[in-house]
Amino acid sequence: MKKGSFAYRFFVLLIAFVLISVAVLLPLAATKDVEPFVFWIIGGALLLIFIAIVVVNEIIVRKKKK
């Protein structure tokens with residue numbers, strides 16, 4: 001995998017978001033009084049933010065290459 005390729009950037013962002021997700025969701029999972037829909041809301045928000053950051057990052061990279 002080349003360092004400047006899309007796959008490299010994607011996996012770096014993916015690893016970063018997995019670490020952020022673990023840091024956010026793991027303490028919530030330890031508490032017993034949290035409703036399950038809270039996990040779905042937070043997970044969905046993190047997924048949308050991840051997709052937005054990947055798209056914006058690719059747009060910026062493509063504009064810089066022109």
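Values in this document were obtained by computation on a predicted structure and should not be read as measured data.
Sorted by first then second residue, the salt bridge (charged side-chain N to carboxylate O under 4.0 Å, His left out) pairs that include residues 22-51, not counting sequence neighbours, number zero. The stretch residues 16-66 participates, sequence neighbours left out, in these ring-ring contact (aromatic ring centres under 6.0 Å, His included) pairs: F10-F50, F17-F50. Among residues at least two apart or in separate chains, salt bridge (charged side-chain N to carboxylate O under 4.0 Å, His left out) pairs with a member in residues 9-31 are R9-E58. Pairs passing the salt bridge (charged side-chain N to carboxylate O under 4.0 Å, His left out) check and including a residue from residues 47-56, sequence neighbours excluded, do not occur.
Contacts of S5 classified as side chain to side chain contact (heavy atoms under 4.5 Å, CB included), with partners at least two apart in sequence or in another chain: M1, K2, A7, Y8. Here V56 pairs with I60 under the side chain to side chain contact (heavy atoms under 4.5 Å, CB included) rule; sequence neighbours left out.
Across every non-hydrogen atom of L28 and T31, the tightest pair is O-OG1, 2.8 Å. Counting all heavy atoms, side chain and backbone alike, A23 lies closest to P27 at O-CD, 3.2 Å.
No side-chain heavy atom of N57 sits less than 4.5 Å from a side-chain heavy atom of F6.
In this structure, V54 is not a member of the same hydrophobic cluster as V61, with clusters built from ILVMFWY side-chain heavy atoms closer than 4.5 Å. Linking Ile, Leu, Val, Met, Phe, Trp and Tyr whenever their side-chain heavy atoms come within less than 4.5 Å puts L47 and V55 in one cluster. If you chain together hydrophobic residues whose side chains sit under 4.5 Å apart, L46 and I41 fall into the same group.
Distance CD1/I49 to CD1/I20: 9.0 Å, rounded to 0.5 Å. The OG atom of S21 sits 11.0 Å away from the CG atom of L26 when rounded to the nearest 0.5 Å. Remark: L14 CG to I53 CD1 distance equals 12.0 Å, nearest 0.5 Å.
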